[in-house]
Amino acid sequence: MDLSTLNPKQQEAVTTTEGPLLIFAGAGSGKTRVLVHRMAYLIQERGVKPWQIFAVTFTNKAAGEMKERVGQLLGQRADSLWISTFHSAGVKILRAHIERLKMSPNFVIFDDSEQQTLIKNCLQELDLNPKIFNPRSMGSKIDGAKNELITPEEFPTDDFMGERVAKVYALYQKKLEENNALDFGDLLMKTVKLFEENPDVLKLYTDRFHYLMVDEYQDTNHAQYRLVKLLASDRGNLCVVGDDDQSIYRWRGADVRNILDFHQDFPAAQVIKLEQNYRSTQNILNAAGEIVKGIEGRAQKTLWTENPEGEVLTLCLANTDRHEADFVVGEIQKALEAGTPLNQMAIFYRTNAQSRVLEDSLRRQNIPYVIYGGVRFYDRMEIKDILAYLWVLHNPQDGLHLKRILNVPARGIGKTSVEKLEHLAISQGISLFQALSYADQAGIATKTAKKLLNFVMLLENLKTRLSSQSLSDFVQALMEAIGYLEALKLENTIESESRLENLEELIRVVEEYESQAVEPSLADFLEQVALVNAVDNLDDRQNSLPMMTLHLAKGLEFDRVFMVGMEEGLLPHSRSLDTPEELDEERRLTYVGMTRARKKLYLSHSERRRLYGGERYQLASRFLDEVPEHLVEKKRVPELAPLDFEASFSHQNSRDYALPDREQATPYQIGVRVNHPSFGIGVIRKSEGALEKRKLIVEFPRVGYKKLIAQLSNLTIVN
DNA sequence: AGCAACCGTGTTTTT
DNA sequence: CACGGTTGCT
């Protein structure tokens, strides 16, 4: 097999097949190439059967790409490789053996919002005020426990909060079981449990998988780590790949120590570092390196490249977020005209909410864009409604989804009826679905009871149709049969119009699924839908500009990258300033974003920004100060500071900038930020008069506009 | 039973 | 600002 296209380190990584191996793969060091070649090498040169290899990736998209690339090297043989995410693998394994855990294999998967609903139910049942016991933080505590493989019984109850969380966790878990449902955390935790309690089941897998590979190992959590250890326990041919500098999922339970302590875990481990970068210019690499170099406990490595030095970075300061967006869009327009296709550029931001200004600006310039993440397709109400029907057909025990669709579209089944039904179900120890048929015995009006029976018949009827036609035809028929489309058409608003379009899109998604699935089935489809991430759906539409959060940017690359909102409070985020560990993660996030750029990197920030409803003054991100001066070119937009005082008051998104300030040089220029001993930091709005008598009007976020005499007010210039 | 209007509140990142 | 939850009205 031809390995000559690989560098010596990469070759070593490919041919070191036996025993534990840790590959430190810096950004852009050809990691995927190495993994792909490694699999091909095992099969071609070492006589390993494709089905004896199990590779774990971070996203389904990465899994698909990897499979495809191995296919290019090996052809058909690659089909029986097992490449998937931890979560998908968990589902696959659990579907096959979950009866060992006394659950049935047609379990449903509850996503985030269903988890929230369930937790709210628990809080109500336990008589806990959701204003004090925030369901969101409850959810993240439960997730956290699951990632650490902590059961409700083991959950620490030494403080007041812990005790309550343990109670909610226990009830929540019980409810999941009643619904025959698993949440994301369960997909991992239950798999570990299955293996630990059933060595014979584990053996099926350790016998089968002779070679294990785990990508993005720096972002594995404890449950995933346990899973890896179990699967590698027999042969120990475990190859993990990762980069501690790109660990950005700590908040989700990821533990960098998994990668940093690998050699302690597996004392026989060999370590290979891939340090040559093939992606970015030297300038980009040097700048990015500065951000993470001081992180404590970081594995020592030096990324280098033979690529040219390239352009310097552009660091842009804008008056407002709107100016910033206009600047970015202007640069994109220029690059587009110079021949860079839109899909070779990207805008990254820290929070989803930041996309809005950019969208406005892009729309004004007629530049097509795609947002990854944000309000996800599958989170839309109409999509969730239809999927809820499908889940219920798949598993009638699923009371949560059933409750959602009971009166959707409206069929006169109200809140009180639902409550009565729930009581009936609980008192009789039956599922909500079963309770529907006994409605007349629960003190429910005969009229309503009849409606419920009709509903049951509707579902049963649908179920019989399920096997007789293609899935996409079935979904179409379902939407008609339940009167959903009709109800939307009747509404006849812009809103309902777009919902109808989304449902058409859903049909296309199902068709797409059917065309690519080996064995299309309702269960398999629902599973895929539950586990996709936003980037998985990244269609490489040639002519639209990708926009995404920094987290979603991991693993991608673009010629020109724009990182916006490089401001204190945003990046680093204000919620990540409590501990040094959190701040370090913000550094790595910045690093990940920067190293996505191949040729040119823009970092921008604004002075003023609409945030959380109000307008705020923003300070430049501390990370910007860490980029060496000689690597950047600084820009200021708009280039000319407004002269007219009135104009600076009526800055209602006005794009008419006033004439340049032609007065003599002074440090007290309009737009300059100053610190006042009692008013704090403010921005100069007006500045006039001779040197020692120069009068300023300064806008302070806390106290508003103040007239000051420059010399007397003990001002210092900030930045 | 269902809708509309109100209030208050809490704002990261996502498999 | 945008959402969820509640209230009050029809």
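In what follows, chains are A, B, ... by sequence order, proteins preceding strands, each numbered from 1.
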Quiz item: If you look only at pairs with a residue in residues 136-149 of chain A, which of them pass as a side chain to side chain donor-acceptor pair (under 3.5 Å), with sequence neighbours excluded?
Solution: A:Gln115-A:Asp143, A:Lys146-A:Gln173, A:Lys146-A:Asp183, A:Lys146-A:Asp186, A:Asn147-A:Asn221
Quiz item: Please give, in whole Å, the distance from B:dT15 P to A:Glu527 CD?
Solution: 16 Å
Quiz item: For A:Glu581, which residues count as a side-chain contact (heavy atoms from CB on, under 4.5 Å) partner, sequence neighbours excluded?
Solution: A:Arg250, A:Thr579
Nucleotide N/O of nucleotides 7-10 of chain C paired with protein N/O under 3.5 Å:
none

Self-check item: A:Tyr372 OH - B:dT14 P separation (whole Å)
Solution: 15 Å
Exercise. For A:Gln618, check side-chain hydrogen bond (donor to acceptor under 3.5 Å, both in side chains) against everything at least two apart and list the hits.
Key: A:Glu567
Quiz item: Between A:Arg298 and A:Asp244, is the closest basic N to carboxylate O distance under 4.0 Å?
Solution: no
Quiz item: Has A:Arg356 got a side-chain N or O lying under 4.0 Å from the OP1 or OP2 atom of C:dA2?
Solution: yes
Practice problem: Would you mind classifying the nucleic acid contact of A:Thr57 as base, sugar-phosphate or nothing, using non-hydrogen atoms under 4.0 angstrom? | Solution: nothing
Quiz prompt | Span that lies between the C1' atom of C:dG5 and that of B:dT12, in whole angstrom | solution = 24 Å
Exercise. Check the pair A:His551 / A:Arg350 against side-chain contact (heavy atoms from CB on, under 4.5 Å), numbers first and verdict last.
Key: CA-CA 8 Å; A:His551 281 90; A:Arg350 176 68 231 264; 3.5 Å; yes
Quiz item: Once you round it to whole Å, what is the distance between C1' of C:dG5 and CG of A:Leu123?
Solution: 14 Å
Self-check item: Pairs where residues 113-129 of chain A contributes a residue and the test salt bridge (charged side-chain N to carboxylate O under 4.0 Å, His left out) is met, not counting sequence neighbours
Solution: A:Glu114-A:Lys384, A:Glu125-A:Lys175
Quiz item: Which pairs count as side chain to side chain donor-acceptor pair (under 3.5 Å) when at least one residue sits in residues 353-363 of chain A, sequence neighbours excluded?
Solution: A:Asp326-A:Ser361, A:Thr351-A:Gln354, A:Ser355-A:Glu359, A:Glu359-A:Tyr369, A:Asp360-A:Arg363, A:Arg363-A:Tyr369
Practice problem: Under the side-chain hydrogen bond (donor to acceptor under 3.5 Å, both in side chains) rule, collect the residues that match up with A:Thr549, sequence neighbours excluded. | Solution: none
For nucleotides 10-13 of chain B, which of its nitrogen or oxygen atoms have a protein nitrogen or oxygen under 3.5 Å away, and what is each distance?
| unit_1 | atom_1 | unit_2 | atom_2 | d |
| --- | --- | --- | --- | --- |
| B:dT11 | O5' | A:Arg575 | NH1 | 3.2 |
| B:dT12 | O4' | A:His573 | NE2 | 3.3 |
| B:dT12 | O2 | A:Arg350 | NH1 | 3.2 |
| B:dT12 | O2 | A:Arg350 | NH2 | 2.2 |
| B:dT13 | OP1 | A:Asn352 | N | 2.7 |
| B:dT13 | OP1 | A:Asn352 | ND2 | 3.0 |
| B:dT13 | O4' | A:Arg350 | NH2 | 3.4 |
| B:dT13 | O2 | A:Trp251 | NE1 | 3.0 |
| B:dT13 | O2 | A:Arg350 | NH2 | 2.7 |
| B:dT13 | O2 | A:His551 | NE2 | 3.3 |

Practice problem: Quick one: list whatever passes side-chain hydrogen bond (donor to acceptor under 3.5 Å, both in side chains) with A:Ser496, sequence neighbours left out. | Solution: A:Thr493
Quiz item: Given the P atoms of B:dT13 and C:dG4, what is the spacing between them in whole Å?
Solution: 15 Å
Practice problem: Find the distance A:Asp255:CG to B:dT15:P and express it as a whole number of Å. | Solution: 20 Å
Quiz item: How long is the line joining CG of A:Asn129 and P of B:dT9, in whole Å?
Solution: 11 Å
Quiz item: Once you round it to whole Å, what is the distance between P of B:dT14 and CG of A:Leu188?
Solution: 18 Å
Self-check item: Residues from residues 403-413 of chain A lying under 4.0 Å of DNA chain B - heavy atoms
Solution: A:Asn407, A:Gly412
Practice problem: Mind jotting down which residue pairs meet the salt bridge (charged side-chain N to carboxylate O under 4.0 Å, His left out) criterion with at least one end in residues 412-423 of chain A? Sequence neighbours excluded, please. | Solution: A:Lys403-A:Glu422
Practice problem: May I ask you to say what A:Thr416 touches in the nucleic acid, namely base, sugar-phosphate or nothing, with a heavy-atom cut-off under 4.0 Å? | Solution: sugar-phosphate
Quiz item: To the nearest angstrom, how far is A:Leu531 atom CG from B:dT14 atom C1'?
Solution: 13 Å
Exercise. Please name all residues satisfying side-chain hydrogen bond (donor to acceptor under 3.5 Å, both in side chains) with A:Ser574, sequence neighbours left out, ordered by chain then number.
Key: none
